[in-house]
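Below: the structure, in structure tokens.
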Amino acid sequence: MITMSDVFENVMELAKRRGFIWPTSECYGAVAGFIDYGPLGAMMKRRIENIWRDFYVIREGYYEIECPTIAQEAVFIASGHVAGFADKMCQCPHCREFLRADHVAEGGGVKNASTMKNEELALALAGCKCLACEEVLGKVEVFGFNLMFKTSIGPDSQRVGYLRPETAQGMFVDFSRLLRFYRDKLPFGAVQIGKSYRNEISPRQGMIRLREFTQAEAEIFVHPDEKNKHPRFHRYADYRMPLLTFGQQQKCEEAVSLSMREAVDKGVIANEYLAYYVALTHEMLVSIGIKPERLRFRQHLPDERAHYATDCWDAEILSDRFGWVETVGLADRTNYDLNAHAKESGTPMTVFIQYAEPKKVPRRRIIPNMGVLGKQYRNKAKAIFEALGNSTPTADGADVVIDGEKIHIPADLFEVRDEVVDIRGEDIVPHVIEPSYGIDRMCYAVLEQAYDEDEADGEKRTVMRFSPKVAPVQVAVFPLMTRDGLDTIADEITRKLHKAGILAEYDDSGAIGRRYRRQDEIGTPFAVTVDYDTKENNTVTLRDRDSMKQVRIAIDKLPETLAALVEGTKTFGELG
RNA sequence: GCGCCGAUAGUGUAGUGGUUAUCACUAGGCGUUGCCAACGCCUAAACCCGGGUUCGAGUCCCGGUCGGCGCACCA
């Protein structure tokens, strides 16, 4: 039996040994917070990313885009990351501990510490005690520590750039192009799978907290009044899962199981859109092999939310080692980001929503006779033109104030035109629903949950019970003996499977049992063995990793059978 | 960043300042082998990095890196 604490060590040892995960640039000494995916790990990660694409790109119809991982400073000034992603830090002169300056100050009774400037805060800190060694700090320097990696663009180093701390901003800054691509209609979405970077102070926990990590994010732009009208909500209306609201967390209660319909109706989840992607996330995670009993959805506590989000739910996966690990964040980012970029860039980020019926709106226009007014007032004429438009004329004319001077414009120098105009629609700023997946954490969870040990013929067998969909190698092909032409036949079968797009690995080294075990350890779900009967009747044995059972199958049927098994449209048990 | 602990072949390990650094598994080659880590022979493979103490350092000391745990940090 494997004990709980062993799993992490066993699985990481296996992952290192068999080429899933390596410390980065080991020959120079690894760097904390960075990992290399080895041959099998990179393949598995691709498969997980592609399942994600199946859900979001193919099924939801949200196309993938690809933006640079470096963006100019303005992008992150607008997003709030330059200001908001930085912590004010100070170092204790006695014990050299780095401390959050605002926390220390507030602990010492200083009010409004979080809004103070660095110099101000440094003065306020002089009388406060260090949280670590409890000495009075005295003279300290307060500095900002920003979690973004800073760099410069171009040879003159004038232009500041940052490595993106999330992929999301790329979708926001491309909003106008995306809106046009989707032919000016809501809802629409864009997704991105790529690297993001955060210069964590002290990254640990292996693949769980990285300085460079892969995110898969979707930004779904919706009309703010239609967040409860997801067009495909019926798909998940009856989908049930455990939900842990912030109310329950405060009362230390267990998660309750609700359908998405109930969750929205009871106000547990803010709206249909959020609930839809909560359910989709559940389905997606289960499909890559996460056990439902190790999956829960937890609502963020109000003080835990990011600077932009209103309602926010995390998909958390239970790890033997790390407890509940936040793996997917589902946030309603409202119109925060689009407003911020519109303001910073000066580009409107709105959608024109046409009314079903044009609204009849009375409008008064005041049209001055500029031929006369221009000559009469010369350089004041322009100001008068504008002031007149906003004035309320009476029967004998209008009074306007220009540079403090009151000027009377007689009624015959302008025309008042009252008309009724059609307002056909309005410009609105869409709200954004954002599911954001931590791919590396998903990979870790898949590895940890796949790890298993059982007994075969009295010997310990280590087996990675990957879903066939994510297993790096899909099928192994063995000749029973490396003679009598069995190896040639096995080699032909391998090539035939490659042609069908199946990743098959040929192996003729060592005893047959050893070869099965090697494949079990890297989680290859199926193995084909060519034996002497193959020469008689063109059949081979097909072995199932988990049950170790075998069935005979015609060589001709192999490609389609394996494709179905890998896809999950057929199970091994159904082969008879 | 702080404190405590650790780092030896691919993996897991032994090693109380003094031989050619132990053992097992793994891997590669040859032979053998008729379906679940069989066997024989052969081969490859390691003291984290940099200083210091010493006639002599894998071993002791200092610094660094990485990893684990606790604290702090974790939009």
Side-chain angles (χ1 to χ4, degrees), chain A residues 5 8-10 12-19 22-35 38 76 79-87 89-92 94-100 103-104 130-133 145-148 165-166 168-169 196 198-206 208-211 300 304-309 312 321 325-326 329 331 333 436 455-463 478-484 486 509-521 527-534 540-545 547-550 552:
Chain A
S5 60
F8 171 79
E9 276 160 30
N10 290 342
M12 291 320 278
E13 184 267 303
L14 185 149
K16 210 195 287 180
R17 185 161 43 82
R18 299 309 302 265
W22 294 322
T24 193
S25 61
E26 248 183 318
C27 66
Y28 290 105
V31 186
F34 297 92
I35 55 163
F76 298 116
S79 71
H81 285 97
V82 169
F85 217 59
D87 295 328
M89 305 285 291
C90 65
Q91 190 176 21
C92 171
H94 312 291
C95 67
R96 306 207 308 142
E97 178 88 340
F98 281 99
L99 305 157
R100 277 283 296 269
H103 289 187
V104 178
C130 170
L131 297 175
C133 68
F145 178 79
N146 195 295
L147 255 43
M148 284 192 294
E166 59 174 16
Q169 297 306 323
S196 293
R198 293 175 195 180
N199 200 0
E200 299 283 355
I201 296 167
S202 150
R204 269 201 229 162
Q205 305 175 316
I208 302 293
R209 243 173 97 208
L210 294 168
R211 288 183 167 132
H300 272 203
E304 195 181 355
R305 288 179 199 144
H307 56 269
Y308 45 74
C312 186
R321 180 65 162 218
V325 176
E326 170 196 341
R333 293 179 75 135
S436 170
E455 232 181 68
D457 294 321
E459 296 247 24
K460 188 182 96 168
R461 180 174 80 123
T462 302
V463 49
F478 309 142
L480 187 60
M481 294 292 144
T482 52
R483 60 172 191 233
D484 304 321
L486 298 187
S509 155
I512 188 85
R514 174 180 297 278
R515 285 179 262 162
Y516 285 136
R517 296 303 162 79
R518 271 203 279 254
Q519 296 298 333
D520 290 341
E521 208 182 33
V528 166
T529 301
V530 175
D531 57 17
Y532 285 92
D533 288 354
T534 307
V540 291
T541 63
L542 180 61
R543 172 202 186 252
D544 176 51
R545 174 196 67 203
S547 63
M548 295 170 60
K549 286 187 178 138
Q550 291 177 307
R552 284 209 84 83

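Just so it is clear: chains get the letters A, B, ... in the order the sequence lines come, proteins before strands, and each one is counted from 1.
- With RNA chain B read from its 5' end, the first of the two nearest nucleotides for A:R204 and A:Y28 is the one closest to A:Y28.
- The separation of B:G6 from B:G64, taken at their C1' atoms, amounts to 16 Å, rounded to a whole angstrom.
- Taking the nucleotide of RNA chain B with the nearest heavy atom to each of A:V31 and A:M481, the more 5' of the two is matched to A:M481.
- Rounded to a whole angstrom, the distance from the P atom of B:C25 to that of B:C42 is 15 Å.
- Going from the C1' atom of B:G56 to that of B:G18 covers 7 Å, rounded to whole Å.
- To the nearest whole angstrom, the two P atoms, one in B:C5 and one in B:C60, are 13 Å apart.
- Spacing between B:G3 and B:U43 at atom C1', rounded to whole Å, works out to 47 Å.
- Comparing the C1' positions of B:A46 and B:G12 gives an interatomic distance of 13 Å, to the nearest angstrom.
- On the P atoms, B:G34 is 34 Å away from B:A45, given to the nearest whole Å.
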Next item on the list: Give the dot-bracket string for RNA chain B, reading 5' to 3', where a pair is Watson-Crick or G-U wobble with both distances under 3.5 Å, ( ) marks pairs inside the strand, [ ] marks pairs crossing earlier ones, | marks a partner on another strand, and . marks unpaired.
Entry: (((((((..(((.....[....))).(((((.......)))))....(((((..]....))))))))))))....
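- Between A:R17 and A:E521 a salt bridge is recorded (basic side-chain N to carboxylate O distance below 4.0 Å).
- Shown here are the side-chain hydrogen bond (donor to acceptor under 3.5 Å, both in side chains) partners of A:D531, two or more places apart in sequence or in another chain: A:T534, A:R552.
- In this structure, A:Q205 has no side-chain hydrogen bond (donor to acceptor under 3.5 Å, both in side chains) partners at least two apart in sequence or on a different chain.
- A gap of 30 Å separates the C1' atoms of B:U20 and B:C39, to the nearest Å.
- Contacts of A:E26 classified as side-chain hydrogen bond (donor to acceptor under 3.5 Å, both in side chains), with partners at least two apart in sequence or in another chain: none.
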Item checked: Letter per nucleotide, 5' to 3', of nucleotides 36-48 of chain B [B base touched, S only sugar-phosphate touched, - untouched; heavy atoms, 4.0 Å] -> BBB----------
For nucleotides 4-13 of chain B, tabulate all protein N/O to nucleotide N/O atom pairs closer than 3.5 Å, reporting atom names and distance.
residue: B:U11; atom: O2'; partner: A:E13; partner atom: OE2; Å: 2.7

